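Data block below; observations after.
All values derive from a computational prediction rather than experimental measurement. We name chains A, B, ... by the order of the sequence lines, and we start the count at 1 in each one.
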There are 2 protein chains.
Amino acid sequence: MPARPPSADAQPVFRALADPTRRAIISMLAEGPRPIAEIAAAFDMTRPAVAKHLAILKDGGIIAVEAKGRERINRLNPEALKTAADWLGHFDRFWDERLAKLKDVVERTS
Amino acid sequence: MPARPPSADAQPVFRALADPTRRAIISMLAEGPRPIAEIAAAFDMTRPAVAKHLAILKDGGIIAVEAKGRERINRLNPEALKTAADWLGHFDRFWDERLAKLKDVVERTS
DNA sequence: TTTATATGAAACCTTTTGGTATTATGTCAA
DNA sequence: TTGACATAATACCAAAAGGTTTCATATAAA
């Protein structure tokens with residue numbers, strides 16, 4: 001077990017998480033895949049701006065884009081979030097010792 | 001239970017986590033409190049640059065600074081990281097159903 | 001008291017970020 | 001085929017981020 005959390009390539013994930021609009025997009029896509037126009041309609045900014053955020057989310061592997069006719073369907077890829085969650089997981093023993101132990105059990109029985 | 005994760009004031013925390021140097025500082029401080037000079041010595045940048053990173057970490061509540069003589073001791077405050085971990089926790093059912101259930105148990109028996 | 005040390009603070013610079021507007025392209029529908 | 005629609009792509013801009021150098025201040029030590 002390493003003493004410090006792995007840096008991995010967590011960078012594009014943490015970078016994607018740093019913007020509140022992008023976190024809101026993640027929450028929205030957790031409810032189901034959506035085309036760009038539908039996402040953009042929910043925010044007070046232009047569609048190209050939203051498209052840029054989607055590009056950054058895609059760069060972090062957080063969403064996958066699938067062409068469907070003239071639409072581009074954006075689908076959440078939650079596994080990418082695990083990279084960030086795992087990094088933070090190295091510290092959660094500080095605030096919840098019991099949870100850390102349960103996680104150990106879960107990982108051992110995998 | 002809300003359908004979407006709370007936005008809370010996760011912003012300063014996620015912002016602080018977005019930089020690799022700052023994440024490395026967090027890892028370092030997890031091993032114990034340190035003065036600025038000692039932290040700066042571990043990175044290939046000037047002390048004022050590191051001081052700026054520490055200011056951002058402090059802004060996110062991730063570290064606490066305590067004056068001790070002419071030194072300023074930086075101490076990790078892991079509870080602040082829980083804000084980010086909780087946000088991500090709303091998604092971890094996607095990648096580990098069992099862990100999510102265990103977390104429910106932990107939270108119910110608190 | 002003088003000197004060295006630890007830090008704070010300001011000014012400055014370059015790159016990145018987050019947004020805009022505009023134009024171009026591919027696809028569906030009449 | 002023509003027109004409307006969904007998106008891509010480009011150029012542009014202001015502000016924030018991440019770094020530097022320089023100078024000031026407070027404390028410790030000689």
Side-chain angles (χ1 to χ4, degrees), chain A residues 7 9-29 32-77 80 84, chain B residues 7 9-29 32-77 80 84:
Chain A
S7 49
D9 54 342
Q11 183 51 27
V13 177
F14 275 113
R15 181 209 175 201
L17 289 171
D19 184 89
T21 298
R22 287 193 291 269
R23 292 198 302 279
I25 291 174
I26 290 173
S27 294
M28 181 179 307
L29 292 182
R34 280 160 175 67
I36 295 184
E38 190 175 335
I39 300 169
F43 294 93
D44 189 24
M45 69 182 67
T46 60
R47 191 181 42 71
V50 171
K52 278 193 188 179
H53 284 304
L54 291 171
I56 292 171
L57 288 168
K58 186 170 176 234
D59 184 61
I62 296 177
I63 65 171
V65 185
E66 168 199 355
K68 185 158 194 173
R70 65 184 153 182
E71 290 185 334
R72 310 261 294 178
I73 307 299
N74 299 272
R75 170 174 280 104
L76 186 65
N77 177 34
Chain B
S7 49
D9 54 341
Q11 183 50 30
V13 177
F14 276 113
R15 179 208 177 200
L17 289 170
D19 185 272
T21 299
R22 288 194 289 269
R23 292 198 301 278
I25 292 174
I26 290 173
S27 294
M28 182 180 304
L29 293 182
R34 281 159 174 68
I36 294 184
E38 190 176 335
I39 301 170
F43 295 93
D44 187 27
M45 69 182 69
T46 60
R47 190 186 47 71
V50 171
K52 280 191 187 181
H53 284 304
L54 291 171
I56 291 171
L57 287 168
K58 187 172 175 235
D59 186 61
I62 296 176
I63 65 171
V65 185
E66 168 197 358
K68 185 158 196 171
R70 66 183 154 185
E71 291 186 332
R72 310 260 297 177
I73 307 298
N74 299 271
R75 172 174 281 105
L76 186 66
N77 177 34

> To the side chain of A:Ile36, which of D:dT20, C:dT7, D:dA8 is closest?
Replying inline: D:dA8
> Quick one: B:Ile25 CD1 to D:dG19 C1', roughly how many Å, whole number?
Replying inline: 13 Å
> Of all the nucleotides listed (C:dG18, D:dA8, C:dG8), which has the minimum atom distance to the side chain of A:Lys52?
Replying inline: C:dG18
> Can you tell me how far P of C:dT7 sits from CD of B:Glu66, to the nearest Å?
Replying inline: 13 Å
>> Rounded to whole Å, please give me the gap between CE in A:Met45 and C1' in C:dT20.
In response: 12 Å
> Any side-chain N or O of B:Thr46 under 4.0 Å from OP1/OP2 of D:dT20?
Replying inline: yes
> To the nearest Å, how far apart are B:Arg47 CZ and D:dT22 C1'?
Replying inline: 12 Å
>> Please confirm whether the shortest side-chain N or O distance from B:Arg15 to OP1 or OP2 of D:dA16 is below 4.0 Å.
In response: no
> Reckon A:Ala37 touches a base, only the sugar-phosphate, or nothing at all at heavy-atom distances under 4.0 Å?
Replying inline: sugar-phosphate
> In whole angstrom, what separates B:Lys68's NZ from D:dA28's P?
Replying inline: 11 Å
>> If I compare all heavy atoms of B:Gly60 with all of B:Val13, which pair ends up nearest, and what's the gap?
In response: O-CG2, 3.6 Å
>> Is there a side-chain contact between B:Arg72 and the phosphate of C:dG8, meaning an N or O under 4.0 Å from OP1 or OP2?
In response: yes
>> Between A:Arg22 and A:Gly69, which residue's closest nucleotide on DNA chain C lies nearer the 5′ terminus?
In response: A:Arg22
> Can you tell me how far P of C:dA6 sits from CZ of B:Arg70, to the nearest Å?
Replying inline: 5 Å
> So A:Glu66 and A:Arg72, salt bridge (Lys or Arg N to Asp or Glu O under 4.0 Å) or not? Walk me through it.
Replying inline: CA-CA 6 Å; A:Glu66 168 199 355; A:Arg72 310 261 294 178; over 6 Å; no
>> Counting only side-chain nitrogens and oxygens, does A:His53 get under 4.0 Å of the OP1 or OP2 atom of C:dG19?
In response: yes
> In whole Å, what is the span from the CD1 atom of B:Ile63 to the P atom of C:dT7?
Replying inline: 12 Å
> Mind checking whether B:Leu57 and B:Asn74 have side chains closer than 4.5 Å, heavy atoms only?
Replying inline: no
> Counting side-chain heavy atoms from C-beta on, which of C:dA21, C:dG19, D:dG19 comes nearest to A:Pro48?
Replying inline: C:dA21
>> Please find the pair of heavy atoms, one from A:Ala18 and one from B:Gln11, that lie closest to each other, and give the distance.
In response: O-NE2, 3.0 Å
> Heavy-atom distance under 4.5 Å between the side chains of B:Ile26 and B:Leu17, does that happen here?
Replying inline: yes
>> Rounded to whole Å, how long is the line connecting atom CG of A:Leu54 with atom C1' of D:dA9?
In response: 15 Å
